[in-house]
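See below for the structure under consideration.
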Protein chains: 2
Amino acid sequence: MKNSPKSVARHQRTRKDHSMETAEDYVEAVDDIVTATGQCRVVDLTRHFGVSHVTVTRIVSRLVREGFLQTEPYRPIELTNKGRTLAAESRKRHQTVYDLLLALGVSERIAGIDAEGIEHHVSQETLRCFERFLKTSAPRTDGST
Amino acid sequence: MKNSPKSVARHQRTRKDHSMETAEDYVEAVDDIVTATGQCRVVDLTRHFGVSHVTVTRIVSRLVREGFLQTEPYRPIELTNKGRTLAAESRKRHQTVYDLLLALGVSERIAGIDAEGIEHHVSQETLRCFERFLKTSAPRTDGST
DNA sequence: CACAATTTGTAGCCTGTGCTACAAGGAAAA
DNA sequence: TTTTCCTTGTAGCACAGGCTACAAATTGTG
Ligand SMILES: [Mn+2]
Ligand SMILES: [Mn+2]
Ligand SMILES: [Mn+2]
Ligand SMILES: [Mn+2]
């Protein structure tokens with residue numbers, strides 16, 4: 001079939017998105033927690049994501065290996081410059097997705113949930129379209145229509 | 001932090017979405033391929049997703065175990081009623097996400113790519129908001145594209 | 001029919017991300 | 001200071017979903 005290469009490319013991109021998803025959520029969380037409390041510990045991420053401390057430790061190890069985080073045994077988790085950059089980009093995109101959902105009339109609770117998954121699959125082009133829509137469409141405080 | 005329970009719920013939902021993602025994409029693909037060619041073989045899915053036939057076989061086995069597909073050795077893959085239902089829902093949601101991206105000005109190529117990942121994280125409420133937007137303010141002259 | 005090509009299955013490897021159980025380090029309380 | 005409690009680390013398990021290599025079955029061709 002000729003349409004196969006197209007679907008292959010799409011699914012490959014989705015798989016690639018998923019490989020970045022954990023990194024994006026973790027650097028964003030570390031940044032948030034550091035800002036809120038001064039430092040980020042394993043236990044903070046455990047509570048943030050609702051997974052065991054073992055899972056957090058292993059994921060942090062991977063993100064250290066990949067250059068997004070740095071830490072030492074029994075010490076707080078810190079962002080590298082690379083991690084900070086990714087966190088800033090991710091937060092901006094997350095916020096735009098959230099704002100778009102609100103603009104389309106989604107409730108805050110559901111928008112918060114859905115944006116958490118959608119954000120990782122929004123390309124630069126799509127993000128720009130979202131931003132343009134938010135700019136041009138009248139900022140309705142409560143979308144009943 | 002007090003906001004932790006909220007973030008926990010969000011990330012738990014995202015993880016749950018991901019656990020359904022493969023099932024949704026596979027039943028949709030099987031349905032498409034059966035419609036297009038009369039039957040769906042392992043090799044068709046291999047070409048569709050761009051993964052090895054081993055990966056396809058193992059995922060098909062899981063989906064048979066979970067009641068979405070049925071097959072026998074060296075025979076075509078078929079949908080169960082449960083699988084058909086999921087395929088129909090998934091396709092409708094996929095199409096709505098795709099149409100929304102187009103309506104916001106995303107190119108067809110990028111919309112096709114992004115929708116492949118976004119679709120799995122769109123809740124019922126958000127889907128309804130997308131549909132309403134497309135009905136009320138989509139300047140598309142329907143028909144093609 | 002016999003042989004070749006395609007398809008499917010199986011063995012065995014990897015990584016990522018979940019978990020529990022237990023061990024050890026660090027901080028707080030007694 | 002000693003003891004307790006919280007935190008972090010480690011061992012070892014599970015499952016999903018990637019892979020290659022090789023084997024077997026099916027299908028197509030001469
Ligand atoms: Mn996020
Ligand atoms: Mn997220
Ligand atoms: Mn998809
Ligand atoms: Mn996803």
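Computed over heavy atoms, backbone and side chain alike; hydrogens, waters and symmetry mates excluded. Residue numbering restarts at 1 for every chain, and letters A, B, ... go by the order of the sequence lines.
Ion pairing of B:Arg15 with A:Glu21 is absent here, as no side-chain N (NZ or NE/NH1/NH2) approaches a carboxylate O to less than 4.0 Å. Between B:Asp114 and A:Arg13, at least one side-chain nitrogen of the basic residue sits less than 4.0 Å from a carboxylate oxygen of the acidic one, meeting the salt-bridge criterion. A:Arg84 and A:Asp31 are not joined by a salt bridge, as no carboxylate oxygen comes within less than 4.0 angstrom of a charged side-chain nitrogen. Electrostatic pairing of A:Arg62 and A:Glu66 counts as a salt bridge here, judged by a charged N lying under 4.0 Å from a carboxylate O.
Dashed line: the shortest gap from a side-chain N or O of B:Arg65 to OP1 or OP2 of D:dC15 is not under 4.0 Å. Between B:Arg62 and D:dG17, a side-chain N or O to OP1/OP2 separation shorter than 4.0 Å is present. Taking side-chain N and O atoms only, A:Ser52 has no distance below 4.0 Å to OP1 or OP2 of C:dT20. Contact annotation: A:Thr22 side-chain N/O to C:dG16 OP1/OP2 distance is not under 4.0 Å.
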Distances for protein N/O vs nucleotides 3-8 of chain C N/O pairs under 3.5 angstrom?
| unit_1 | atom_1 | unit_2 | atom_2 | d |
| --- | --- | --- | --- | --- |
| C:dT7 | OP2 | B:Arg47 | NH2 | 3.2 |
| C:dT8 | OP1 | B:Arg41 | NE | 2.6 |
| C:dT8 | OP1 | B:Arg41 | NH2 | 3.2 |
| C:dT8 | OP2 | B:Val42 | N | 3.4 |
| C:dT8 | OP2 | B:Val43 | N | 2.8 |

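Note: A:His48 and B:His11 have tilted aromatic rings, judged against thresholds of 30 and 60 degrees for the angle between ring planes.
Distance, A:Glu66 CD to C:dT15 P: 12 Å, rounded to whole Å. Spacing between atom NE2 of A:His11 and atom P of D:dG18 amounts to 11 Å, rounded to whole angstrom units.
A donor-acceptor pair shorter than 3.5 Å cannot be found between the side chains of A:Ser90 and A:Glu119.
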